[in-house]
Each structure stands twice: as structure tokens, then as C-alpha cells.
Amino acid sequence: MHITYQPALDAVTDFYNRMRNTSEGGLCLQPIAEETAAWWFFGQDRVTLAAMEGTDMLGLASGVYLPDRKTGYLSYLCVTPAERGKGIARALMDRLEQDLSAFQDCEKLDVVFHNPVNLPWYVKEEGCHHHPCVPGVDVSSGLFGFLEHRGWSEFVRQNAYYRLLRDYQDPPYMAEVRARLLSEGIEVTLYDSQKHHGLAELFDNIGNLGWKAQVMANTDKPIVVAVDHKADDLVVAYTGPLSVYEGRGNFCGIGTRKEYRGRGIGKVVFCEMCSRHAQNGGEFMSLYTGTTNPARNIYEAAGFEIVRSFANMRKIK
């Protein structure tokens with residue numbers, strides 16, 4: 001067995017597609033085309049390694065370095081089931097960690113939800129509903145324990161949530177919450193730049209500039225907001241922009257101004273999004289959030305259930 005740097009594209013694509021449903025935890029990845037594999041495994045600052053026995057690929061490991069974050073990311077690691085337990089994964093990771101750490105200014109290695117290489121996976125059985133990225137290491141897989149033994153530490157656990165939108169209806173108590181908020185001057189509606197103000201500043205208030213960039217670049221799409229009529233139609237909460245892709249109602253975060261929290265506004269905004277996705281052909285929604293994030297209460301109140309848990313892991317150089 002020898003390790004090959006940057007193996008052939010067709011061999012990488014074939015290996016990925018053959019191995020996409022062989023994790024011990026049952027995580028099933030979506031198949032990919034060579035065009036996708038070329039970007040994931042052979043783009044700028046990518047490191048891809050294959051364990052070869054003649055022309056047979058026994059294992060594959062890949063990562064990417066982002067200089068602006070001074071971070072190397074583990075993107076993928078898999079060994080064929082028949083060859084596991086023989087030290088192949090260890091050999092691949094020894095070399096991958098070494099190569100990623102060799103990039104100038106690299107301070108740490110991560111496997112997290114904002115990895116630039118996003119592996120889509122099936123939330124339920126294969127051929128059913130999917131989520132666009134794996135947000136860490138599946139804690140039910142052998143990879144989780146393998147990385148722990150190599151000195152990687154879990155620093156956040158992400159729960160993946162899922163809900164069918166077919167015949168979606170708000171929880172029974174939501175009508176009462178909506179009515180109370182209206183009596184207080186808070187209305188949930190779609191964002192109108194001609195009538196409402198303060199959307200961009202909302203993201204400064206909640207401290208999320210990443211969401212700010214994504215949302216403000218898509219204000220031509222519907223965005224569910226809560227506005228305070230008593231404050232000149234100030235935007236006090238948001239979720240969106242709204243869109244449906246391959247049956248999935250997309251989700252790009254949710255936030256409420258700090259001074260407006262604790263009044264049920266986030267739950268109403270989120271339920272409004274679910275309802276509009278269902279009306280616009282959405283079959284399901286999937287999302288993930290940290291186990292300690294209070295937003296989980298919003299999702300669970302709307303009937304979302306945890307389907308899988310992932311660990312965000314890190315190794316300091």
C-alpha cells in the first residue's frame with residue numbers, strides 16, 4: 001500500500017460514490033459528478049490523498065486550507081470496509097494533517113459546518129429528502145472516536161432537525177401569540193424596503209455579519225420579518241430569504257433584536273416561514289443548530305425533530 005497525492009479525478013469520483021453509504025452511523029451522502037469532485041478535491045489549496053494497492057483505491061482523505069481563516073479543514077476521510085482496522089486511515093490522516101499544517105500561518109485544523117467543501121446527505125432514506133451540507137462529524141460514526149484518539153477535541157455539537165411540510169399548520173397556541181403581538185404593535189409580514197427600516201442594522205444588533213451579507217444580497221426575494229409599528233415600522237426580527245429547491249424549504253438563519261426577545265416573536269416568524277414554504281411547494285425543511293442554542297426551542301415548538309447529531313472538532317497545531 002502506498003499513498004498517492006492528488007489521484008486521478010475519475011478514480012476519486014468513483015470511490016466517493018461507491019463509499020457514500022458505508023459509514024457505521026448510517027450516514028448516506030448524495031452521489032456527485034466529476035465536475036463537483038474536481039472543485040471539492042482538486043481546487044486551490046486542496047490536499048487529496050489516496051491509499052493505493054496497485055490500481056485499487058483502499059482509502060481517500062481530503063482537506064482544504066483557507067489562509068484568511070488560518071485554518072485547515074478536514075473535508076473527507078473514508079476507507080473501504082474490508083480494509084478498515086489495518087492502519088490505512090491513520091496513515092492517510094498522518095499525511096493529511098502534516099500537509100495542511102504546512103501551509104503558511106496555519107494555526108488549527110477543523111471539521112465544522114462552515115467547511116468550504118459541503119457534502120450533501122440524505123436526511124432520511126436514500127432517494128428521499130436531503131440536507132446541503134454535513135455540519136461536522138457524525139457522532140454515531142467510527143470517525144468521531146478515531147479523531148478523538150488523534151487529539152481532536154469536540155467544541156460544539158450540532159443537531160440536525162427535520163420536518164415534513166405537507167399539510168403544515170401552526171401549533172394551536174400560535175394564533176394567540178400572534179394576536180398578542182399585534183396588540184403590542186408587532187406584525188409579522190414580508191419585508192418591504194419602501195415601508196420598513198432597520199433590516200441591515202438588525203444584523204449588527206444580533207452580531208451576525210455573515211447572515212447580513214447573505215440576506216442583504218437577496219432582498220429581491222421574500223423575507224419574513226416582524227416589524228414594530230410603534231417604532232416607525234422598525235424590523236425587529238427576520239428569517240429568510242424564502243426559496244424552495246428540490247422540495248426543500250431553504251433556511252438562512254433567524255434573529256430577533258436583543259431588546260425584543262422573550263416575547264415569542266421568533267417563534268411566530270419561524271412558523272410564518274414554514275407556512276409560506278408549504279404554500280410554495282416545499283415538501284420538507286432541514287436545518288441544524290448547536291445543542292446549547294436557544295433557537296432550538298423555536299424549531300422544536302414548530303414540530304421539528306432531531307434526526308442526527310454532529311460534532312464540530314478541532315486540533316490545535
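Side-chain atoms are counted along with the backbone in the values below, which use heavy atoms only and exclude waters and symmetry mates.
One finds the CG atom of L96 at 8.0 Å from the CG atom of L109 (value rounded to the nearest 0.5 Å). Atoms OH and OG1, from Y16 and T36 in turn, are 9.0 Å apart once rounded to the nearest 0.5 Å. In this structure, NE2 in H114 is found 8.5 Å from CG in L66, a value given to the nearest 0.5 Å. To the nearest 0.5 Å, atoms CZ (F144) and CD (E148) are separated by 4.0 Å. Within the model, atoms CG of L27 and OH of Y122 stand 12.0 Å from one another, a figure rounded to the nearest 0.5 Å. Note that the CG atom of L58 and the NZ atom of K86 stand 8.0 Å from one another [nearest 0.5 Å].
Annotation: salt bridge (Lys or Arg N to Asp or Glu O under 4.0 Å) contacts involving residues 235-254, sequence neighbours excluded, are absent.
In the hydrophobic clustering (ILVMFWY side chains linked at under 4.5 Å, chained through shared members), I223 is joined by Y191, L199, L202, F203, I206, W211, V215, M216, V225, V227, V235, Y238.
Between F103 and Y65, the angle of the ring planes stays under 30°, which puts this pair in the parallel group of the 30/60° scheme. Ring planes of H129 and Y162: tilted class, angle from 30 to 60°.
M273 and F284 fall into different hydrophobic clusters, where Ile, Leu, Val, Met, Phe, Trp and Tyr are joined by side-chain heavy atoms under 4.5 Å apart, directly or via other members. I298 and Y173 fall within a single hydrophobic cluster, where Ile, Leu, Val, Met, Phe, Trp and Tyr side chains are chained together by heavy-atom contacts under 4.5 Å. The hydrophobic cluster containing V137 also contains V139, counting ILVMFWY residues as joined when their side-chain heavy atoms lie under 4.5 angstrom apart, directly or transitively. When the side chains of ILVMFWY residues are joined at heavy-atom separations under 4.5 Å, either directly or via intervening members, F270 and L164 end up in two distinct hydrophobic clusters. F251 and W121 are not part of a single hydrophobic cluster, where members link through side-chain heavy atoms under 4.5 Å apart.
For the pair G249 and M285, the tightest heavy-atom approach, listed with the atom from each and the gap, is O-CG, 3.4 Å. Residues M174 and C271 approach most closely at CE-SG, 3.7 Å, considering heavy atoms. Shown here for S243 and N250, the closest heavy-atom pair between the two residues is OG-ND2, 2.8 Å. Closest heavy-atom contact between C78 and M19: SG-CB, 3.7 Å. Across every non-hydrogen atom of T256 and R261, the tightest pair is O-NE, 2.8 Å. Across all their heavy atoms, R308 and S140 have their closest contact at NH1-OG, 3.6 Å.
You'll find the side chain of L60 reaches within 4.5 Å of the side chain of T48, heavy atoms only.
Checking Y5 against D99 by side-chain atom types alone, no donor-acceptor pair falls below 3.5 Å. In summary, the side chains of E300 and Y161 do present a donor paired with an acceptor at a separation below 3.5 Å, with no hydrogens or angles considered.
Not a single donor-acceptor pair under 3.5 Å links the side chain of K108 to the backbone N or O of R314. No side-chain donor-acceptor contact under 3.5 Å links S75 to the backbone of V117. Of the possible polar contacts, none joining the R95 side chain to the I3 backbone as a donor-acceptor pair under 3.5 Å is found. Under the 3.5 Å distance criterion, the side-chain polar atoms of H130 are left unmatched by any main-chain donor or acceptor of P120. No donor-acceptor pair under 3.5 Å is formed between the side chain of T189 and the backbone N or O of E187. R163 places no side-chain N or O within donor-acceptor distance of the main-chain N or O of Y168, the cut-off being under 3.5 Å. N205 places a side-chain N or O within donor-acceptor distance of the main-chain N or O of K258, the cut-off being under 3.5 Å. With T13 contributing its side chain and L9 its backbone, the two residues share a donor-acceptor pair below 3.5 Å.
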Given L77 and M93, is the side-chain contact (heavy atoms from CB on, under 4.5 Å) satisfied, shown in steps? CA-CA 8 Å; L77 175 65; M93 280 300 295; 3.6 Å; yes
Is there a salt bridge (Lys or Arg N to Asp or Glu O under 4.0 Å) between E184 and R180? Walk through the geometry before answering. CA-CA 6 Å; E184 298 169 357; R180 173 176 56 77; 3.4 Å; yes
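At most 12 heavy atoms of other shown residues, nucleotides or ligands fall within 6.0 angstrom of atom CD in E305. More than 12 heavy atoms of other residues, nucleotides or ligands shown are found within 6.0 angstrom of CD on E259. By the 6.0 Å contact criterion, CG on D68 is enclosed, its count of non-hydrogen atoms from other residues, nucleotides or ligands being greater than 12. Within 6.0 Å of atom NE2 in H2, more than 12 heavy atoms from other residues, nucleotides or ligands are found, so the atom counts as buried in its surroundings.
Salt bridge annotation for D170-R178: present, with a cationic side-chain nitrogen under 4.0 angstrom from a carboxylate oxygen. Using a 4.0 Å cut-off between charged nitrogen and carboxylate oxygen, E272 and R276 count as a salt-bridge pair.
Checked against the 6.0 Å centroid threshold, Y288 and H131 count as a close aromatic pair. Aromatic ring centroids of Y76 and W40 lie 6.0 Å or more apart.
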